[in-house]
Amino acid sequence: MALAIPQIGFGTGTTWYKYGRESEIDQTLVDALVSALQVGITHLDGAECYGTALETRDAIKKANIPREKLWITEKYYAGDSSHKSKSKAANPLEALKEILRLEELEYVDLYLLHSPYITKETHGFTLEEAWGYLEEAQSLGLAKNIGVSNFTVADLEKILKVAKVKPQVNQIEYNAFLQDQTPGVVEFSQKNGILIEAYSPLAPLYKGDKSLKEVKEFLDYVYELGKKYGKSDTQVLLKWVLQKGIIPITTSTKTERVKEFLKIDDFQLEPSEVEKITTLGAKAPVVRQYWVPEYSKFD
């Protein structure tokens with residue numbers, strides 16, 4: 001059965017990142033979250049390493065939205081390939097218990113391993129054992145669904161070999177200028193019933209080099225579609241992501257912009273238009289903002 005995840009996720013990281021300063025509540029983020037919730041966002045995407053659990057807690061209370069109407073994602077801080085920093089918790093299960101304590105919640109809707117860079121030497125458990133902790137979290141009712149983030153095909157294959165419950169989500173950096181974070185990962189995930197979530201889905205609008213012919217051609221076409229449907233470039237690209245079978249995660253401090261994210265149910269791109277965005281995007285230089293030391297070798 002397909003996961004019924006609300007189609008636009010609101011990220012509480014990147015702009016708001018403050019790992020190590022968790023006790024300093026960022027009122028700007030609380031206000032942005034409350035505003036987003038009040039205009040219709042129901043999907044909040046957080047992570048242990050963002051350090052924004054208290055803001056999530058305060059916003060949920062202030063917005064006064066019933067818990068069952070929200071979809072809350074959290075992630076275990078595995079660290080990156082440098083292994084310089086990682087969760088202070090003994091394991092992913094204990095990390096989730098602490099997140100729930102901070103957010104004053106009984107469960108999260110989705111709990112992810114934030115990266116595959118987990119080894120016995122650095123963490124005290126293997127990647128496969130880390131997945132076992134997520135399965136335990138689910139069996140205890142602390143996470144309704146479990147998954148991964150920034151995993152390659154090889155990483156997914158490791159988990160699938162041992163999983164009692166297979167990952168339901170792989171959240172990756174994805175946009176029209178980066179249609180595979182790592183080789184073949186979107187197709188492999190989708191073939192194996194693993195839903196792709198996309199962070200930075202709007203990167204082509206802000207990070208593409210507009211002086212390049214390929215980028216200009218892409219942006220001109222997106223603008224042309226926006227005129228056809230009476231939609232913004234942002235709305236066209238979010239719709240493209242959704243029509244690729246992928247859930248976009250984005251964020252903003254501006255209420256009007258959040259409203260814009262949500263107003264995409266009233267139009268549908270033609271299959272040929274989805275394909276043309278895909279083709280033009282693939283011709284443009286890659287826009288990769290995250291996990292550059294690990295994955296830029298694929299660009």
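Both backbone and side-chain heavy atoms feed into the values below; hydrogens, waters and symmetry mates do not.
For D26, the side chain to side chain contact (heavy atoms under 4.5 Å, CB included) partners two or more places apart in sequence, or in a different chain, are W16, K18, T28, L29, E55. With sequence neighbours excluded, the residues forming a side chain to side chain contact (heavy atoms under 4.5 Å, CB included) with E136 are L93, Y133, S139, L140, listed by chain and number. Taking S272 as the reference, E270 meet the side chain to side chain contact (heavy atoms under 4.5 Å, CB included) condition, with sequence neighbours excluded. Listed by chain and residue number, R101, L102 satisfy the side chain to side chain contact (heavy atoms under 4.5 Å, CB included) test with E98 (two or more places apart in sequence, or in another chain).
Residue pairs satisfying the ring-ring contact (aromatic ring centres under 6.0 Å, His included) criterion with at least one member in residues 74-107, sequence neighbours excluded, are listed as follows: Y19-Y77. Within the structure, every pair that satisfies the ring-ring contact (aromatic ring centres under 6.0 Å, His included) test and touches residues 266-299, not counting sequence neighbours, is listed here: Y199-Y290, Y229-F267.
Note on K161 versus E157: no salt bridge recorded, every NZ/NE/NH1/NH2 to OD/OE distance being 4.0 Å or above. The residues E104 and K61 are annotated as salt-bridged, a charged nitrogen and a carboxylate oxygen being separated by less than 4.0 angstrom. Here E224 does not pair with K227 in a salt bridge; the nearest charged N to carboxylate O distance is not below 4.0 Å. Ion pair K231/E260 not flagged as a salt bridge, since none of the NZ, NE, NH1 or NH2 atoms sits closer than 4.0 Å to an Asp/Glu carboxylate oxygen.
For K228, the NZ atom sits in a packed shell: over 12 heavy atoms of surrounding residues, nucleotides or ligands are nearer than 6.0 Å. Other residues, nucleotides and ligands place no more than 12 heavy atoms under 6.0 Å from the NZ atom of K297. Atom CD of Q27 sits in a crowded spot, with more than 12 heavy atoms from other residues, nucleotides or ligands closer than 6.0 Å.
Remark: side-chain polar atoms of R288 are paired, donor with acceptor, to backbone N or O of Q181 under 3.5 angstrom. Counting only distance, with no hydrogens or angles, the side chain of D109 and the backbone of T73 share no donor-acceptor pair below 3.5 Å. For the pair Q243 (side chain) and Q268 (backbone), a donor-acceptor distance under 3.5 Å is absent. No donor-acceptor distance shorter than 3.5 angstrom exists from the side chain of D209 to the backbone of V215, with no hydrogens or angles considered.
Side-chain contact of Q171 with D45: a donor-acceptor pair under 3.5 Å is present, judged by distance alone. Side chains of S200 and K207: no donor on one and acceptor on the other come within 3.5 Å. Checked by atom type, the side-chain pair Y117/K86 shows no donor-acceptor distance below 3.5 Å. If you check the side chains of D265 and Q7, you find a donor sitting under 3.5 Å from an acceptor.
Rounded to the nearest 0.5 angstrom, I277 CD1 and L225 CG are separated by 5.0 Å. One finds the CD atom of E103 at 9.0 Å from the CG atom of L44 (value rounded to the nearest 0.5 Å). To the nearest 0.5 Å, atoms NZ (K166) and CH2 (W131) are separated by 11.0 Å.
Taking the ring centre of F125 as origin, the terminal cationic atom of K120 falls outside the region bounded by 6.0 Å and 45° from the ring axis.
Residues L242 and I264 are in side-chain contact: their nearest non-hydrogen atoms beyond the backbone lie under 4.5 Å apart. The side-chain heavy atoms of I194 and Q168, taken from C-beta on, include no pair separated by under 4.5 Å. Side-chain atoms of F151 and V185, non-hydrogen and from C-beta on, never get closer than 4.5 Å to each other. For the pair L113 and K75, the minimum side-chain heavy-atom distance is 4.5 Å or more.
Put simply, the residue from W240, F177, Y223 that forms a ring pair (Phe, Tyr, Trp, His ring centres under 6.0 Å) with F218 is F177.
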